[in-house]
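Nothing here was measured: the structure is a model prediction, and the numbers come from that model. Proteins come first, then strands; the chains are lettered A, B, ... in the order of their sequence lines, and each starts at number 1.
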There are 2 protein chains.
Amino acid sequence: MSKTYSISELAAEFDVTTRSIRFYEDQELLRPARRGQTRIYSSQDRVRLKLTLRGKRLGLSLAEIRELFELWDETRRGSEKQLHLMLEKIGERRAALEQQMKDITMVQLELESAEIRCRQALEELNQKQTDEERARASG
Amino acid sequence: MSKTYSISELAAEFDVTTRSIRFYEDQELLRPARRGQTRIYSSQDRVRLKLTLRGKRLGLSLAEIRELFELWDETRRGSEKQLHLMLEKIGERRAALEQQMKDITMVQLELESAEIRCRQALEELNQKQTDEERARASG
DNA sequence: AAACAAGTTTACGTTAACGTAAAGATGTCT
DNA sequence: AGACATCTTTACGTTAACGTAAACTTGTTT
């Protein structure tokens with residue numbers, strides 16, 4: 001008996017609504033078991049949800065994420081053609097990730113220099129203020 | 001006279017539609033000059049467009065991008081409060097970028113191991129095939 | 001002048017990813 | 001039993017980011 005989860009447990013853990021989780025199932029990203037009509041999520045399902053959210057944070061659409069899941073599943077009993085297709089998709093994803101890494105690096109540099117500029121501007125403001133105070137004290 | 005660009009030049013260079021560029025202007029991400037009713041883009045505008053697209057690739061909404069632009073503009077004649085606000089926003093963005101870096105690293109690792117599994121599966125397929133051929137040759 | 005290219009405004013249409021509300025089933029506590 | 005809490009399905013509403021089409025202006029080529 002490995003651990004299972006209710007929909008609201010997962011919703012709380014990953015900070016998403018139950019509506020979203022059901023929607024992901026509707027989009028065939030999840031396939032939880034049922035006890036009666038109630039959904040029961042295995043730790044496998046939990047992993048899939050985690051991967052889904054991670055993919056979303058990287059800007060993937062639900063359709064793209066689903067495609068990756070499907071390809072991955074097909075890999076096990078995969079024909080040669082499907083394996084090559086999978087490798088192709090993997091290559092595309094890795095290229096996109098590298099572009100994203102570059103983007104992030106650029107933006108990080110920009111934010112860093114922006115922060116420096118801000119701090120300098122603050123220093124100048126403080127300097128002006130102390131100048132004024134000194135002028136008043138010695139006036 | 002520094003260089004200027006037409007809308008379709010920029011559209012071609014960055015591979016977006018003119019519709020999108022006009023939409024970004026509508027959302028106040030761009031403020032091109034006009035000659036008559038025709039838009040004329042400066043190299044400043046070009047930079048803004050580039051930053052906009054980069055932000056989009058990182059999953060920012062147009063509203064978020066606009067907010068960053070506005071804060072950045074306000075930094076020049078910024079009051080102390082606005083400077084602190086800017087620093088706060090910069091901090092948020094940098095934190096988000098770090099999370100994204102982690103996500104990317106995780107996914108890269110997963111893709112890498114997926115690729116390895118694919119290649120191994122292919123090797124096994126090839127191995128089986130050469131086995132069969134040898135069996136036929138020696139049968 | 002006529003036609004063509006490139007630009008414009010206006011406005012309705014579309015898709016993804018949920019939000020929100022209604023109405024009912026199921027199990028649990030008092 | 002009754003009143004909760006949690007779950008369910010169904011279905012219409014919403015927002016962002018454009019697509020697409022129509023009708024018009026402006027400059028350029030034939």
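Across D:dC18, D:dT25, C:dC18, the shortest atom-to-atom separation from the side chain of A:F23 is found for C:dC18. For A:R19, the listed nucleotide lying nearest its side chain is D:dA11; candidates were D:dA11, C:dG7, C:dT9.
Within the 3.5 Å criterion, the main-chain N or O of A:S6 finds a donor-acceptor partner in the side chain of A:E9. The closest donor-acceptor contact from the side chain of B:S20 to the backbone of B:V16 lies at 3.5 Å or more, if one exists at all. Listed for the B:E64 side chain is a donor-acceptor partner under 3.5 Å among the backbone atoms of B:S61. Under a 3.5 Å cut-off, the side chain of B:S79 and the backbone N or O of B:Q82 do form a donor-acceptor pair. Not one N or O on the side chain of B:S43 forms a donor-acceptor pair closer than 3.5 Å with the backbone of B:R46. Under the 3.5 Å distance criterion, the side-chain polar atoms of A:E70 are left unmatched by any main-chain donor or acceptor of A:E67.
For the pair A:Q37 CD and C:dA23 C1', the computed distance is 13 Å after rounding to whole Å. Between the CD atom of A:E9 and the P atom of D:dT6 there is a distance of 11 Å, rounded to whole Å. If you take CG of A:L29 and P of C:dA16, they are 13 Å apart, rounded to a whole angstrom. Per the geometry, CD1 belonging to A:I7 stands 13 Å off P belonging to C:dC18, to the nearest Å. Computed from coordinates, the B:L30 CG to D:dA17 P distance equals 14 Å when rounded to whole Å. Taking atom CZ of residue A:R66 and atom P of nucleotide C:dA16, one finds them 12 Å apart after rounding to whole Å. Straight-line distance from the CZ atom of B:R22 to the C1' atom of D:dA21: 14 Å, rounded to whole Å. The separation between B:Y41 atom OH and C:dT8 atom C1' is 11 Å, rounded to whole Å.
An OP1 or OP2 oxygen of C:dT8 is reached within less than 4.0 angstrom by a side-chain nitrogen or oxygen of B:R39. Distances shorter than 4.0 Å separate none of the side-chain N or O atoms of A:Y24 from OP1 or OP2 on C:dA17. Put simply, A:S8 has a side-chain N or O that comes within less than 4.0 Å of OP1 or OP2 on D:dC7.
Ion pair B:R54/A:E110 flagged as a salt bridge, since at least one NZ, NE, NH1 or NH2 atom sits closer than 4.0 Å to an Asp/Glu carboxylate oxygen.
The residue among B:T38 and A:S20 whose nearest nucleotide of DNA chain C is located toward the 5' end is B:T38.
Over its length, the helix from C:dA1-D:dT30 to C:dT30-D:dA1 turns its helix axis by 10°, as judged from the five terminal pairs at each end, rounded to 10°.
Between B:I21 and B:A11, the shortest heavy-atom distance links the atoms CD1-N, 3.7 Å.
Note on A:S6: only backbone sugar-phosphate atoms sit closer than 4.0 angstrom, heavy atoms only; bases stay farther off. In this structure, B:R35 reaches neither bases nor backbone, as no heavy-atom distance under 4.0 Å exists between it and the strands shown. Contact annotation for A:T17: backbone-only contact, meaning every heavy-atom pair under 4.0 Å involves sugar-phosphate atoms and none involves a base.
In this structure, OH in A:Y24 is found 12.5 Å from CG in A:L10, a value given to the nearest 0.5 Å.
Evaluated for a salt bridge (charged side-chain N to carboxylate O under 4.0 Å, His left out) with B:E25, the options B:R19, B:R66, B:R34 yield exactly one hit, B:R34.
For DNA chain D, no neighbouring residue in residues 46-61 of chain A is found when judged by any heavy atom under 4.0 Å.
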